[in-house]
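To start, the structure itself, in structure tokens.
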Amino acid sequence: EIHSLATETLSWRVVQANGSIPRPRASHSWTSVSTTSLIMFGGIGPYFSNYNDLYIFDEPTEAWTFIDAKGSKPSPRYGHAAVAWAGHLFVFGGASCRSVGDCLYFNDAFVYTPHTRSWAQVSIQGSSPSPRLGAAHAALGSSLYFHGGATGDRIFGELVTVEGAP
């Protein structure tokens, strides 16, 4: 279910979305890479169902579309950082859990290119940051920034920078 707030009238309405509606989930990403659509990736569902599916929500038509992307997809995850960058979706980190306390944390990175509907894993050179979920993130100019995040027993305060648009 999608709720939309009209800021002019301060009134809510329920969007009657159509198409391939995704399963309920939490800790997924919801990112705008165009002026009319949003990309939803990953998340966790009931009973530790970890997802790596990809959906586009087109705002003018209020329609969902499942994207059967090709290439090197990220493994199922939630709590990842996702940011629109130079017309691409950049995904970093996250976690996949089978039960409480039984989690695998990631420090890998992927780029999704909407016009080719393909994923590519980003080859990271040098000393990479620790695996984590829940990092804050932003794009500024030709750089991405990720700050903080956590694992089951550790909270991070470091700033991670990715330079040079894909």
Side-chain angles (χ1 to χ4, degrees), residues 2 20-34 37-57 64-166:
I2 300 173
S20 300
I21 297 173
R23 294 171 286 194
R25 64 195 63 214
S27 298
H28 52 291
S29 59
W30 184 246
T31 310
S32 174
V33 294
S34 78
S37 62
L38 297 159
I39 294 178
M40 185 178 79
F41 170 72
I44 188 168
Y47 310 105
F48 295 96
S49 299
N50 297 273
Y51 303 127
N52 67 342
D53 50 2
L54 190 68
Y55 289 84
I56 303 284
F57 181 75
W64 286 102
T65 303
F66 170 74
I67 304 299
D68 188 14
K70 57 187 176 195
S72 181
K73 292 182 191 180
S75 58
R77 65 190 60 210
Y78 71 95
H80 53 278
V83 64
W85 192 30
H88 297 77
L89 175 67
F90 188 92
V91 172
F92 170 75
S96 183
C97 296
R98 293 186 292 195
S99 64
V100 174
D102 184 12
C103 299
L104 175 63
Y105 297 92
F106 303 106
N107 65 347
D108 51 4
F110 294 83
V111 173
Y112 174 73
T113 305
H115 72 275
T116 61
R117 292 186 172 198
S118 62
W119 284 103
Q121 185 166 6
V122 177
S123 178
I124 299 175
Q125 305 299 315
S127 178
S128 59
S130 300
R132 69 196 61 214
L133 62 76
H137 52 281
L140 180 63
S142 64
S143 298
L144 292 179
Y145 297 90
F146 300 93
H147 181 262
T151 60
D153 61 354
R154 188 168 172 204
I155 297 177
F156 299 99
E158 66 190 351
L159 178 66
V160 176
T161 305
V162 179
E163 298 176 0

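What you see is a predicted model, and the numbers here were worked out from it, not measured in a lab.
Between atom NZ of residue Lys70 and atom OG1 of residue Thr113 there is a gap of 10.0 Å, rounded to the nearest 0.5 Å. Distance check, rounded to the nearest 0.5 Å: CD1 of Ile39 to OG of Ser29 gives 8.5 Å. A distance of 13.0 Å separates CD1 of Ile44 from CZ of Arg77, quoted to the nearest 0.5 Å. For the atom pair OG1 of Thr161 and NE2 of His147, the computed distance is 10.5 Å after rounding to the nearest 0.5 Å. Thr116 OG1 to His88 NE2: the interatomic distance, rounded to the nearest 0.5 Å, is 7.0 Å. To the nearest 0.5 angstrom, Asp53 atom CG is 11.0 Å from Ser20 atom OG.
Smallest separation of non-hydrogen atoms from Asn107 and Phe92: O-CE1, 3.6 Å. Closest heavy-atom contact between Tyr78 and Cys103: OH-SG, 4.4 Å. Nearest heavy atoms, Phe106 versus Ser75: CZ-OG, 3.3 Å. Closest heavy-atom contact between Leu54 and Ala69: CD2-CB, 4.2 Å. When all heavy atoms of Gln121 and Asp108 are compared, the closest pair comes out as NE2-CB, 3.8 Å. Taking all atoms of both residues into account, the shortest heavy-atom contact from Ile56 to Ser37 is CG2-CB, 3.8 Å.
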Apply side chain to side chain contact (heavy atoms under 4.5 Å, CB included) to residues Val162 and Phe146 and explain how you reach the verdict. CA-CA 8 Å; Val162 179; Phe146 300 93; 4.0 Å; yes
Give the intermediate values and the outcome of side chain to side chain contact (heavy atoms under 4.5 Å, CB included) for residues Leu140 and Tyr145. CA-CA 8 Å; Leu140 180 63; Tyr145 297 90; 3.9 Å; yes
For a side chain to side chain contact (heavy atoms under 4.5 Å, CB included) check, start with the C-alpha distance between Phe48 and Val100, then their side-chain angles and the critical distance, and finish with the verdict. CA-CA 9 Å; Phe48 295 96; Val100 174; 3.7 Å; yes
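The shortest side-chain heavy-atom distance between Arg154 and Ser130 falls under the 4.5 Å cut-off. Under the 4.5 Å side-chain criterion, counting only non-hydrogen atoms from C-beta, Val33 is not in contact with Tyr112. The closest side-chain heavy-atom distance from Phe57 to Ile2 is below 4.5 Å. Residues Thr151 and Phe156 meet the side-chain proximity criterion, which asks for heavy atoms closer than 4.5 Å.
Of the candidates Tyr51, Phe110, Tyr55, Trp119, Phe41 forms a ring pair (Phe, Tyr, Trp, His ring centres under 6.0 Å) with just one, namely Trp119.
Arg132 contributes no side-chain N or O that, together with a main-chain N or O of Gly93, makes up a donor-acceptor pair within less than 3.5 Å.
Phe90 has its ring centre no less than 6.0 Å from the ring centre of His137.
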